[in-house]
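See below for the structure under consideration.
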Amino acid sequence: MISAWSAADVRAAEEPLLAEGVPLMERASFALATQVVRDVAARRGTVRGARVVLLVGAGNNGGDALHAGAVLARRGLGVTAVLVDERAHPGGLTALRRAGGRVVELFAAPGRVGAVAGDVARSDVVLDGLVGLGARGPLRGLAADLVAALVGALETAQAPALDEAAPRATRRAWVVAVDVPSGIGVDDGAVAGPVLAADRTVTFGAAKPGLLLPPAAGLAGEVAVVDIGLHLDDPPAVRRLEPDDVARSWPVPGAADHKYTRGVVGVVAGTATYPGAAVLTTTGAVCAGAGMVRYRGSVEVGRVVVGARPEVVTVPGRVQAWVVGPGVPGGPEAEDEGQDDGQHERGRAGLVAASGGLGGLAGGPVPAVVDAGGLGLLDDDSPPWFVVTPHAGELTALLRSRGEDVRRADVEAEPLRWARRAHDLTGATVLLKGGVTVVAGPGVAYAQSDGPGWLATAGAGDVLAGLLGAMLAARADEVVRHPERAAEVAAAAALVHGRAAHRANPGGPVAALDVAHAVPAEVARLLSSRRPRGTCPPTRRPEEPA
Ligand SMILES: NC(=O)C1=CN([C@@H]2O[C@H](COP(=O)(O)OP(=O)(O)OC[C@H]3O[C@@H](n4cnc5c(N)ncnc54)[C@H](OP(=O)(O)O)[C@@H]3O)[C@@H](O)[C@H]2O)[C@H](O)CC1
Ligand SMILES: [K+]
């Protein structure tokens, strides 16, 4: 799991160590230089003679870049620092000059920003040390001008400079962000101005939420978290599950298990007009290993479902998780005009049973997945073991129906903020689908980026709802007892769904049903590569600088 802490939490963890004189900047910059050497050597064969440009701001982020530049210069790379502010870190500047690095004081000749950007774009490696945790708002001043010019200059190139096979004229610099790409919202992932997209981000002490949250997450490249000895005791602001986390928590059945211990899923999905959603949702649940799936729609649609998935039953009975709404038209008019095929009524009954209503006649409370046309059935004190799975448009409608003045563009610009708002307003755990799927639950948040863009296809959401329903049914008692775990299960479902899409057709288009059919093999692969609890990849602690 990748855990991300806010800038304030990281700074608070740095303070006592800085006060004790722990050389955090040296540790950070040495680790940064080590990663750059690794990247260059892997792509270029040798580091000798590689040309490195440091973009240096006024604070310690620039100090990291300068000290890393000094290490690289001592390793034989040609290093030039471009200063956008006269207040560049003095110790770092001295170290770089002593190591033979060059310095360009762009702040003294801001009119040269275009020419300098052109040179920078043709270098082999660029370290973006303009701003880090100290960023306030989008980049401004000369830093903004330089990044805007550099983004333009890099657009014309095709291949990373380190790719020696490509003709030099077509290459562009390999960009390494120092701590974070300069100019992103460190705590919320906002991108409100120019940002230099990174191929790699080397971040110190812990990941930051902006590296996991869209849209900034899309500009961070591959994130390397460097341990500089910080102790972060508060819960992380945002988490990202990794395959091993899902594998370790997957409920693998044993000899004593039966369909009710494995979890029975009740599905209210599809209508006579949209029977396909019922097939996709039930298939998602079956392929995720549900103990049994009960389809609770019309007889006509039930026939279609059983024809496609003979494992599904259509008789009523005990359910350990409900899935309500995929393929069901939303809004009271759909019900008034009978377009919902009676599904609203069935969905309401399912949610009442799931919340433990009917005096517990239907058994105790159980988790529920509420999607699409089911969202309108949600009341405002839903339990957190209800997981809603809207896309940005549906979440916008849900928020506006509760008085929020928000548009889809706002939700897409700050997905976690609005997912959290919807959780506050409804009580339900919110899984907001998107290129990065964010999940907001009670005191917990996840950001998952596992699926290909091809997953944005009709029916994929229905499959996810069924897959999630099966995963919640398998852990129903645990999720009701520990409601924050509904968010973890939802994030896990997003990971499996995304990876199944990659597996269904690596690098190409996928049909929703094929995603569902790829789930069993993806789960088997996750389980086969599971590391036993307690072992984790050796955290690389940067050796103290020479
Ligand atoms: N604390 C440590 O010893 C360690 C810190 N690490 C590194 O340090 C940075 C955080 O450094 P800090 O000096 O606190 O701040 P920054 O360098 O990130 O930025 C502050 C300067 O940037 C200017 N600034 C702020 N916002 C913008 C913006 N939107 N556009 C342009 N410039 C901006 C700001 O200018 P002012 O005019 O407001 O002064 C500051 O001058 C952290 O990210 C790490 O890289 C080490 O990693 C560990 C040790
Ligand atoms: K930076």
Side-chain angles (χ1 to χ4, degrees), residues 4-33 35-36 53-69 81-93 106-107 110 113 126-148 150 175-187 190-211 216 219-221 223-230 232 542 545:
W5 277 268
S6 68
D9 283 350
V10 172
R11 283 192 187 284
E14 281 177 351
E15 265 162 33
L17 298 177
L18 290 170
E20 289 166 27
V22 175
L24 291 182
M25 185 169 279
E26 284 70 17
R27 280 183 189 170
S29 51
F30 189 76
L32 172 60
Q35 184 64 58
V36 171
V53 175
L54 317 174
L55 306 183
V56 178
N60 289 328
N61 192 244
D64 284 343
L66 288 165
H67 278 292
V82 173
L83 313 185
V84 297
D85 192 300
E86 60 191 353
R87 298 169 292 171
H89 193 275
L93 267 182
L106 185 59
F107 60 84
V113 65
V126 174
L127 269 61
D128 168 11
L130 293 169
V131 290
L133 296 186
R136 283 181 314 290
L139 280 183
R140 53 181 138 84
L142 188 53
D145 297 341
L146 176 59
V147 167
L150 195 41
V175 177
V176 179
V178 180
D179 210 12
V180 293
S182 299
I184 69 165
V186 176
D187 288 344
V191 175
V195 174
L196 182 59
D199 297 291
R200 155 103 53 208
T201 293
V202 179
T203 195
F204 312 118
K208 284 71 182 186
L211 301 178
L219 297 172
V223 176
V225 180
V226 170
D227 175 5
I228 57 174
L230 302 189
L232 287 145

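It should be emphasised that the depicted structure is a prediction, and the values quoted were computed from it without experimental measurement. First listed ligand is number 1; within each ligand, the first listed atom is number 1. Residue numbers start at 1 and run along the sequence shown.
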Of the listed options ([options]), which comes nearest to [atom] when hydrogens are ignored and any heavy atom counts?
atom                    : options            : value
atom 41 (O) of ligand 1 : A31, A58, G141     : A58
atom 29 (N) of ligand 1 : A135, G205, P138   : P138
atom 16 (P) of ligand 1 : A7, S29, G134, A28 : G134

Around [atom], find the nearest protein heavy atom and jot down its residue, atom name and distance.
atom                    : answer
atom 8 (O) of ligand 1  : N60 CB, 3.1 Å
atom 43 (O) of ligand 1 : D179 OD2, 2.6 Å
atom 35 (O) of ligand 1 : R87 NH2, 3.8 Å
atom 14 (O) of ligand 1 : R11 NH2, 2.8 Å
atom 9 (C) of ligand 1  : N61 N, 3.6 Å
atom 27 (C) of ligand 1 : R140 NH2, 3.4 Å
atom 34 (C) of ligand 1 : R136 NH2, 4.1 Å
atom 6 (N) of ligand 1  : D64 OD2, 3.6 Å

Can you tell me if [X] uses its side chain to pair, donor with acceptor, with the backbone of [Y] under 3.5 Å?
X    : Y    : value
N61  : L133 : no
S182 : V131 : yes
D85  : G57  : no
R136 : G134 : yes
R87  : A58  : no
D199 : V175 : yes

Nearest 10° is fine: what angle sits at the K ion (ligand 2) between O from V178 and O from D128?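 Approximately 90° at the metal, rounded to tens of degrees.
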Opening angle at the K ion (ligand 2) [O, V131; OD1, N61; to 10 degrees]: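 About 70°, to the nearest ten degrees.
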Taking only heavy atoms of [X], which atoms of ligand 1 are found under 4.0 Å from at least one of them?
X    : result
G137 : 29 (N)
V131 : 18 (O), 22 (O), 23 (C), 24 (N), 25 (C), 27 (C), 32 (N), 33 (C)
G132 : 16 (P), 18 (O), 43 (O)

Smallest separation among heavy atoms of [X] and [Y], with atom names:
X    : Y    : answer
R27  : I228 : NH1-O, 2.8 Å
F107 : L142 : CA-CD2, 3.6 Å
V186 : G132 : CG2-O, 3.7 Å
S6   : D187 : CA-OD1, 3.3 Å

Given L55 and L150, is the side-chain contact (heavy atoms from CB on, under 4.5 Å) satisfied, shown in steps? CA-CA 11 Å; L55 306 183; L150 195 41; 3.8 Å; yes
Dump the intermediate steps for side-chain contact (heavy atoms from CB on, under 4.5 Å) on Q35 and V176, then the final yes or no. CA-CA 9 Å; Q35 184 64 58; V176 179; 5.8 Å; no
Within-shell test, R27 vs ligand 1, heavy atom, strictly < 4.0 Å: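 No, R27 has no heavy atom closer than 4.0 Å to ligand 1.
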With a 4.0 Å cut-off on heavy atoms, does G57 reach ligand 1?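 Flag not set, G57 not near ligand 1.
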Should W5 and L230 count as side-chain neighbours, where that means a heavy-atom distance under 4.5 Å?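 The answer is no, as the side chains (C-beta and beyond) never meet within the 4.5 Å cut-off.
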Check E14 against ligand 1 and report side chain, backbone, both or neither, counting heavy atoms closer than 4.0 Å.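 Under 4.0 Å from ligand 1, E14 contributes side-chain atoms alone.
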Checking contacts here: is it the side chain or the backbone of L18 that comes within 4.0 Å of ligand 1, counting heavy atoms only? Could be both or neither.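 The side chain, only.
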Could you tell me whether the K ion (ligand 2) has an N, O or S atom of A135 under 3.4 Å away?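 Looking at A135, which is the residue asked about, there is no N, O or S atom under 3.4 Å from the K ion (ligand 2).
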